Amino acid sequence: MTDAEVRPADVVIIGAGVVGTAIARTLAGYSLDCVLADAAADVGTGTSKANTAILHTGFDAKPGSLEARLLRRGSELLRSYAAAAGIPVERTGALLVAWTPEQSAALPAIADNARRNGYHAVRPVAAAELYAREPSLGPGAVAALEIPDESIICPWTTPLAFATEAVSAGVRLLLGTSVTGVAPSGDGWHQLATTRGPLRCRWVVNAAGLGADVIDRMFGGGGGFTVRPRRGELIVFDKLARPLLSSILLPVPTARTKGVLVAPTVYGNVLLGPTAENVSDRGDLGTTAAGLRSLLDAGQRIVPRLVEEEITSSYAGLRAATEHPDYQIYADAGRRYACAGGIRSTGLSASLGIAEHVVSLLESAGLALRPRVTGLSGVFGLSGPLGVSGHSGVFGTPPVMAYIGEAGVRPYQDAGRIAADPAYGQIVCHCERVTLGEIRDAMASPLPPADLGGLRRRTRAMNGRCQGFYCAAAVSRLFASSGRADLPRAAVAVPT
Amino acid sequence: MNHTRPSGPVQVEVLVVGAGPAGLSAAAELRRLGAGPVLVADREPEPGGIPRHSWHTGYGLRDRHRLLTGPAYARALADAALAAGAEIRPGTTVTALAPAGSGIGHEVRGPLPPSIGGGGPQTPDRGGHTATMTSARGIETVHAAAVLLVTGCRERPRPARLVPGDRPTGVMTTAELQQRVYLGGERLAGRAVVVGAEHVSFSAAMTLAHSGARVVALVTEHERQQSYAAFRLGAALRWRIPVWAGCAIRRVVGRGQLAGVEVADVRTGSARFIPCQTVVFTGDWIPDHELARTAGLDMDPGTRGPAVDTMLQTSAAGVFAAGNLVHAAETADIAAVSGRHAARQIAAALDARARGRGPEPTRLPVRAEPPLRWISPNAIAARAGPPAPPLGRFVLRSWEFRRLARLQVIQDGRVLFRSRPVRLIPARPVHLGASWLSRADLAGGPVHVQLRG
């Protein structure tokens, strides 16, 4: 590590997933010296990158739970943040479909649950209206509930935006840095042992996702939880399947799982999944023949024509579930430590709410929060604690991220941008229509990708139906040359 | 939202979408036949299509009557098209296609694709089609009296084949492999497994061998390989590559980098782990039909390309399709011949339109029945003296191996044709002559092609 990296910090946040990056950008609004550390080579590579990519309203959360509260708050914050940062979001709405009389009978209780969570826009939909809205829906649906504010979101841009904002505000991002232990401290400092050397800090925030219980035990294990990873396999269908549905199609949940959904993605594909399977291996992201088969069977029932379309991709994600039904978030003033664990399947939607909550717990535990007066991304007028909880997520101007959604205008569609810079007219990845200009920009961004996977998450390159048949070799070469060597324009100024 | 340049649409007689063997051959032929401006748009940086990165010989046999390597063949085709006066625009993606006057001078966005003949106000007297193109030059609108779609085909990648397991690097298709090795100069070390045992699979094995990898095996679910015996023998002798028939890849293993694949016997289910650093999924072709589908053309459920009649005209008058978009995948020279055929039909159709001759012909569907997988073309242009398909024959694919299969052509219970015994091999073409076309009742029901007995 460089001197700057080993400089003692006020706060070290362990885990640069969507929750850790959200906490980092929230803390970055205060005069604190923060470090954001992650074992992986990029931000958002764990559960944050492989999920159903839905921005939930929280209508189905357990009323009174912490999850319900933070989900509601977080989803509200994220909606406005996404709009400002250029994170792709589409308010498609969801239809929760009942396929049997028993399921139909369960709908009023679900609607009631939503109202108890403070969400009142849920509305019953009769079968005739359901089929009018979703003509490709399989036969046999009897009724539905409409949840008009359920939305789809880009799960990759979100943690990237948080991390970009945090880094721009001075947070030190240490990637490839796994925390392996903590030395006993009596002098007001924690001494963290990491795979890249020791790190000294006053406070530690645990946002380690699937590893949150391991970190928690290093700090006394006050959370009293064990991560029990639950694997979800998902199938991504070709963009040509996108016209088959307009809303997110949800099943009636059971006690064990929310069930298999069919949802559009912000990239213009259709997602089918997830399965729910408890696994012991925290690194087991493999798909299984049985899992994929069960998804196709479910897809065949929900939208029969879906399974006639080509499959673009399949993947698995691990939810950081625990033995408890709720989030495991607490602060330990004595240990100068806060934990955000057990963030099961709603972390993306709740991230900014979780961050706000964690920061207020830290303040109550004694962390001095002084609003940052100036900052690279800070807007003075918006800085500082606001609202009853003591802190608002709104303290600065979100960074403007490269837009990779289908709903807005992409560079290849933008005559003005191409005229100003022809690299935006040179499509490299044909299936996703990613241009040379976008790849160059990603390589020159404040958080450049560490590998091709990172480039895929920043640009969509190689994510399409051909899976690299046409462009993988060219994109790999561009990555190897940092997107610069072959470019028609000279090196782009990199903000440092 | 109109992103088009103020300079107005580019006017051409024929827009050819795709500069592979079919598109370049069609462009040259159209110009030779006296067509007006012909614009060939291709999204890759160089024209030539797949042969650009296929460095083995064997190209050009049926169309240029000599043997060339892929890149030499690609250059020869591009040179011929240019010499004939066609304009080739590489690095240019056609993002939308719609009938002229349908109000679509720019790409239509939103959940539903623009539909041919429906939607916006029509200007019937103008005719033709309007396309939107993106390139470094900007976003342009092209108006063409006729359009030829020759967008080719691709190999199904691993996810589309539902092969479960991890998602490591080192998993690719033949085209990616060849671009890495022949266009990018990459070296591959270690062991490799090739999935498939058809022509292209042996081509992948050769590329792997050239790149420094050791090919452990060609793995096919079929009971035997499907290429020429000579290829098989050559591979066995020169590189000692075995073909594991009746085997399937059950699982891909490796976190980060590929560690190996689990190969299972299809019948017994017994599996073993084969360590390797590269696995190449070959063959299993699917047409690149995105533009055809978003333009609202009728698709053929067998070929999965646009349905075309013997003129290679699609369901939209004035829009033609040829090459491996309508028969994925035939060899490059067959694609070229198909492109030339389409060019002649386009020239004839434009000529007929110029003379103000009657309505477009209706179509009589031709359907292949299992175990036949598809037939191309899959309709007959229903007019007096129906035009024959390219090379005077239909091409078919089979799902299964059959030694002595007899094809028969039936319409409304009437046998139009019975073939001599033919051999069916999956992934290999079977041909059906077109002599029976004159016996078909152009006002009758669909024509069925099936196996006898």
Side-chain angles (χ1 to χ4, degrees), chain A residues 233 235-236 238-240 242-243 245-246 264 268 283-293 296 308 310-316 406-407 409 412-416 418-419 422-428 430-431 433 435-436 451-453 465-474 476-477 488, chain B residues 1-5 43-45 53 91-93 95 106-107 109-113 132 134-139 154-167 169 171-181 183-184 186 250-253 255-256 286 288-290 293-294 301 304:
Chain A
E233 297 178 41
I235 295 176
V236 181
D238 193 288
K239 291 178 173 30
L240 293 164
R242 179 64 184 83
L245 63 159
S246 55
D284 190 356
L285 291 165
T287 53
T288 63
L292 297 177
R293 178 44 52 197
L296 290 179
E308 293 166 21
E310 291 291 314
I311 289 169
T312 294
S313 178
S314 60
Y315 62 91
E406 281 296 290
V409 178
Y412 83 90
Q413 299 167 307
D414 190 336
I418 300 171
Y424 293 118
Q426 285 175 263
I427 296 176
V428 178
H430 303 298
C431 303
R433 294 183 180 160
T435 63
L436 184 60
D451 52 28
L452 282 175
R465 59 172 69 90
C466 90
Q467 292 285 299
F469 178 95
Y470 293 108
C471 76
S476 303
R477 283 199 296 281
Chain B
M1 181 166 43
N2 192 331
H3 302 295
T4 54
R5 283 186 163 182
R43 60 193 194 178
E44 294 295 338
H53 50 72
T92 303
T93 305
T95 55
H106 54 88
E107 186 184 359
R109 300 163 45 72
L112 286 169
T132 309
T134 286
S135 71
R137 299 159 66 128
I139 296 168
R154 64 177 191 272
E155 295 164 295
R156 275 203 177 82
R158 176 249 178 135
R161 304 184 196 207
L162 276 179
V163 178
D166 301 324
R167 297 208 299 163
T169 58
V171 180
M172 60 188 80
T173 50
T174 310
E176 179 181 342
L177 169 74
Q178 293 188 333
Q179 290 182 67
R180 284 184 180 280
V181 172
L183 297 185
E186 283 183 45
R250 172 81 60 80
R251 199 158 67 95
V252 171
V253 182
R255 294 182 187 175
I286 176 165
D288 246 303
H289 58 205
E290 180 185 17
R293 282 191 61 181
T294 54
R304 306 197 69 133

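Throughout, a chain's letter reflects where its sequence line sits, starting with A, and its residues are numbered from 1. Everything numeric here is computed off the predicted structure, so don't read it as measured data.
A:D284 touches chain B through backbone and side chain together, each having a heavy atom under 4.5 Å away. Using a 4.5 Å cut-off between heavy atoms, B:T134 contacts chain A through both its backbone and its side chain. For A:S313, the parts sitting under 4.5 Å from any heavy atom of chain B are the backbone and the side chain alike. No part of B:R161 comes within reach of chain A, as not one of its non-hydrogen atoms sits under 4.5 angstrom from that chain. In this structure, chain A has a heavy atom under 4.5 Å from the side chain of B:I286, while its backbone stays farther away. Only the side chain of B:R255 has a heavy atom closer than 4.5 Å to any heavy atom of chain A. Heavy atoms of A:E308 lying under 4.5 Å from chain B belong exclusively to its backbone. If you measure heavy-atom distances from A:L292 to chain B, the contacts under 4.5 Å come from the side chain alone.
Of the possible donor and acceptor atoms, none in the side chain of A:H430 sits under 3.5 Å from a partner among the backbone N and O of A:Y470.
Looking only at side-chain heavy atoms (C-beta outward), B:R180 and A:R477 stay at 4.5 Å or farther from each other.
When all heavy atoms of B:R158 and B:V252 are compared, the pair lying nearest together is NH2-CB, 3.5 Å.
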Stepwise salt bridge (charged side-chain N to carboxylate O under 4.0 Å, His left out) check, A:R242 with A:E406
CA-CA 11 Å; A:R242 179 64 184 83; A:E406 281 296 290; over 6 Å; no
Show your reasoning for whether side chain to side chain contact (heavy atoms under 4.5 Å, CB included) applies to A:Q467 and B:T173.
CA-CA 9 Å; A:Q467 292 285 299; B:T173 50; over 6 Å; no
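Salt bridge absent: B:E290 and A:K239 never bring a charged side-chain N and a carboxylate O closer than 4.0 Å.
Interface remark: of the candidates A:A474, A:G468, A:C431, A:G453, A:G468 forms the most heavy-atom pairs closer than 4.5 Å to chain B. With chain A as the partner, the residue from B:E176, B:H53, B:R43 showing the most heavy-atom pairs under 4.5 Å is B:R43. Ranked by heavy-atom pairs shorter than 4.5 Å toward chain B, the options A:T287, A:V236, A:I418, A:I311 are led by A:T287.
Judged as a salt bridge (charged side-chain N to carboxylate O under 4.0 Å, His left out), and not counting sequence neighbours, B:R167 has no contacts. Scanning for salt bridge (charged side-chain N to carboxylate O under 4.0 Å, His left out) contacts around B:R250 gives an empty result, with sequence neighbours left out.
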